[in-house]
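First comes the structure, then the notes that go with it.
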Amino acid sequence: MWVGNASGAAIRRAARLGDGWFPSLISPSEVAEGGKHLADLAAHHGRPTPVIAIGGAAALGNGPGVPSRAEIAEGISGAYGRPLEDVIEIPLTGQPKEVAERLAVYREAGAEHAIIGISGGDWRSQVDLLAEARSLLR
């Protein structure tokens, strides 16, 4: 069972009952902080630390219809009622190398998996660019 959300209640639930913790649209520092709390709580319950998988939004390359980081962040800000300055760095944008570097920061923060939604542009091209970014992570 995977427990979604980045709230304190979700982290407590994941530590107590979950096999994984799945926060979406949070920064690497929030992943690291939540992961530390998750590990401490899981140990308190005598359980292994659940796996961490992040949910993200991406728009790779610069083809027609590919939104900018700011456009995606504005959508996140409006949809979730979070200040723009808190979410501006969350969207994965740019060329595959830049996206791979950003995903590496999430990996260093404790995320073992990433579930990425494509935010615009030709989805086939986007998936190919995302696959290229993934290959650069190895």
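All figures in this text were calculated on a predicted structure; none of them were measured in a lab. Numbers here are sequence positions counted from 1.
When hydrophobic clusters are built by joining Ile, Leu, Val, Met, Phe, Trp and Tyr residues whose side-chain heavy atoms come closer than 4.5 Å, directly or via intermediates, L130 is not grouped with V105. Cluster membership for I116 and L60, using ILVMFWY side-chain heavy atoms within less than 4.5 angstrom, is shared.
Remark: L136 CG to Q95 CD distance equals 11.0 Å, nearest 0.5 Å. Interatomic distance, D86 CG to L25 CG, rounded to the nearest 0.5 Å: 13.0 Å. Note: I26 CD1 to N5 CG = 9.0 Å, rounded to the nearest 0.5 Å.
Within the 3.5 Å criterion, the main-chain N or O of I54 finds no donor-acceptor partner in the side chain of W21. Of the possible polar contacts, none joining the D19 side chain to the W2 backbone as a donor-acceptor pair under 3.5 Å is found.
P91 and I76 get closest at one heavy-atom pair: CG-CD1, 4.2 Å. I72 approaches S119 most closely through the heavy-atom pair CD1-CB, 3.7 Å.
Between Y80 and V87, the closest side-chain pair of non-hydrogen atoms is not below 4.5 Å. In this structure the side chain of R16 never reaches within 4.5 angstrom of the side chain of L41, judged on heavy atoms. Under the 4.5 Å side-chain criterion, counting only non-hydrogen atoms from C-beta, I90 is in contact with R82.
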Can you check side-chain contact (heavy atoms from CB on, under 4.5 Å) on V3 and L17, steps first, answer last?
-> CA-CA 9 Å; V3 178; L17 304 168; 5.7 Å; no

Given the rule in the salt bridge (Lys or Arg N to Asp or Glu O under 4.0 Å) test, do K36 and D40 qualify, once you have shown the distances and angles that lead to the verdict?
-> CA-CA 6 Å; K36 169 87 172 85; D40 291 345; 3.0 Å; yes

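Salt-bridge annotation for R102 and E98: absent, with no side-chain N of the basic residue lying under 4.0 Å from a carboxylate O of the acidic one. Using a 4.0 Å cut-off between charged nitrogen and carboxylate oxygen, R69 and E89 count as a salt-bridge pair.
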